[in-house]
A.B. asks: 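Got a structure here, written out as structure tokens. Questions coming.
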Amino acid sequence: EKLDNSVPVAVTGYGVICSVANSVDELSNALRRGTCGIRSLMRPFDPPVAGALLNDFDFEKQLSLNQDLFGKILTERSRKVARRASFPVQAALLCAMEAWCQAGFQENPPPADRVSLVIGGQNLTLRQNFDLSEKFRQTPEYLSPRHAVQFLDTDHVGSLSAALHI
């Protein structure tokens with residue numbers, strides 16, 4: 001089936017959480033300064049690797065800093081969703097909230113059936129899996145019951161849909 005390329009697509013907002021920025025504006029400034037977030041990740045007995053970690057990420061802090069942008073209702077809904085969410089979902093939630101607000105949807109939300117949410121990638125929770133495997137190796141009787149749901153990309157979709165009411 002041939003795609004209809006005549007229908008325009010609009011990007012109405014976007015959000016960023018990365019190793020050098022916690023918002024679109026911060027990323028813009030980091031890029032202008034030439035800031036690189038990739039670091040050497042040395043662990044005892046492991047081969048040297050490089051990565052860009054979210055070391056300073058704090059969901060509650062970012063939520064508080066952006067409360068004026070997000071508004072009271074979206075802030076409270078997101079806080080409720082984030083209480084049971086994994087670290088990757090919390091980061092995705094803040095990105096989605098930033099994009100949602102850039103689009104003006106916090107004041108004038110579109111009909112839920114006119115919004116699409118795309119979550120892609122299979123590497124969204126690899127760190128969480130690694131951390132849990134380390135914990136399991138040390139104490140085999142422990143495995144978070146939430147892991148069965150949280151390691152799937154569908155957890156992102158469900159959590160963001162609940163927070164944004166889409």
Side-chain angles (χ1 to χ4, degrees), residues 11-31 35 37-39 41 51-136 138-139 141-166:
V11 176
T12 57
Y14 59 103
V16 172
I17 298 286
C18 66
S19 62
V20 296
N22 289 314
S23 70
V24 172
D25 289 339
E26 286 181 21
L27 178 62
S28 179
N29 292 334
L31 291 172
T35 305
I38 299 171
R39 306 277 184 263
L41 306 175
L53 302 179
L54 303 179
N55 290 325
D56 297 328
F57 177 78
D58 180 327
F59 181 83
E60 277 299 323
K61 179 180 175 186
Q62 290 305 314
L63 201 59
S64 296
L65 289 172
N66 292 290
Q67 191 165 352
D68 289 340
L69 172 67
F70 298 154
K72 185 177 181 179
I73 294 171
L74 182 57
T75 297
E76 288 309 312
R77 250 191 278 146
S78 300
R79 182 173 280 126
K80 184 178 178 182
V81 169
R83 273 196 303 258
R84 64 183 181 277
S86 63
F87 177 85
V89 168
Q90 288 180 354
L93 183 55
L94 284 171
C95 288
M97 291 168 64
E98 185 177 15
W100 189 260
C101 293
Q102 279 185 5
F105 293 162
Q106 78 280 22
E107 294 177 10
N108 299 305
D113 64 343
R114 299 289 300 157
V115 178
S116 294
L117 177 63
V118 178
I119 303 291
Q122 51 116 34
N123 61 346
L124 301 172
T125 57
L126 289 180
R127 176 63 185 257
Q128 181 182 0
N129 291 341
F130 177 78
D131 290 345
L132 278 176
S133 69
E134 289 293 311
K135 190 177 281 190
F136 180 76
Q138 294 169 9
T139 53
E141 65 277 2
Y142 176 81
L143 183 60
S144 170
R146 290 185 179 164
H147 180 66
V149 174
Q150 289 181 336
F151 84 98
L152 299 170
D153 292 350
T154 52
D155 185 44
H156 282 70
V157 174
S159 297
L160 272 62
S161 296
L164 300 174
H165 276 199
I166 53 174

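Computed from heavy atoms alone, side chains included, the values below leave out hydrogens, waters and symmetry copies.
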A.B. asks: Please lay out, stage by stage, how Leu164 and Leu74 fare under the test side-chain contact (heavy atoms from CB on, under 4.5 Å).
C.D. replies: CA-CA 7 Å; Leu164 300 174; Leu74 182 57; 3.7 Å; yes
A.B. asks: Show your reasoning for whether side-chain contact (heavy atoms from CB on, under 4.5 Å) applies to Val115 and Trp100.
C.D. replies: CA-CA 11 Å; Val115 178; Trp100 189 260; 4.2 Å; yes
A.B. asks: Counting neighbours of CG on Leu41 that are heavy atoms of other residues, nucleotides or ligands and sit closer than 6.0 Å, is the number greater than 12?
C.D. replies: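 Count over threshold, so yes.
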A.B. asks: For Ala99 versus Gly15, what's the shortest heavy-atom pair and its separation?
C.D. replies: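 Scanning both residues, the minimum pair turns out to be CB-N, 3.9 Å.
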A.B. asks: Please check: side-chain N/O of Glu98 versus main-chain N/O of Val16, any donor-acceptor pairing under 3.5 Å?
C.D. replies: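 Yes, the answer is positive, given that a donor and an acceptor are paired below the 3.5 Å cut-off.
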A.B. asks: Is there side-chain contact between Asn22 and Leu94, with at least one heavy-atom pair below 4.5 Å?
C.D. replies: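 When only atoms from C-beta onward are counted, Leu94 and Asn22 do not touch, as no gap falls below 4.5 Å.
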A.B. asks: Between the side chain of Ser64 and the main-chain N/O of Glu60, is any donor-acceptor distance below 3.5 Å?
C.D. replies: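 Answer holds: yes.
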A.B. asks: Among Lys80, Arg79, Lys72, which residue meets the salt bridge (charged side-chain N to carboxylate O under 4.0 Å, His left out) test with Glu76?
C.D. replies: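 Among the candidates, only Arg79 passes.
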A.B. asks: Check Ser19 against Gly37 and note the closest heavy-atom contact, atom names and distance.
C.D. replies: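 What the structure gives for the nearest pair is OG-CA, 3.2 Å.
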A.B. asks: Output yes when a side-chain donor or acceptor of Thr75 lies under 3.5 Å from a complementary backbone atom of Gly71, and no otherwise.
C.D. replies: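 The answer is yes, because a donor-acceptor pair under 3.5 Å joins these two groups.
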A.B. asks: Walk me through whether Gln106 and Met97 qualify under side-chain contact (heavy atoms from CB on, under 4.5 Å).
C.D. replies: CA-CA 9 Å; Gln106 78 280 22; Met97 291 168 64; over 6 Å; no
A.B. asks: How long is the span from the OG1 atom in Thr139 to the CD atom in Glu134, to the nearest 0.5 Å?
C.D. replies: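 If I round to the nearest 0.5 Å, the distance is 11.0 Å.
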A.B. asks: How many angstroms lie between CG in Leu54 and CD in Gln90, if you round to the nearest 0.5 Å?
C.D. replies: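 Separation between the atoms: 11.5 Å.
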A.B. asks: Got Phe59 and Leu93 here, is their nearest side-chain heavy-atom distance under 4.5 Å?
C.D. replies: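 Contact flag for Phe59/Leu93 side chains = yes.
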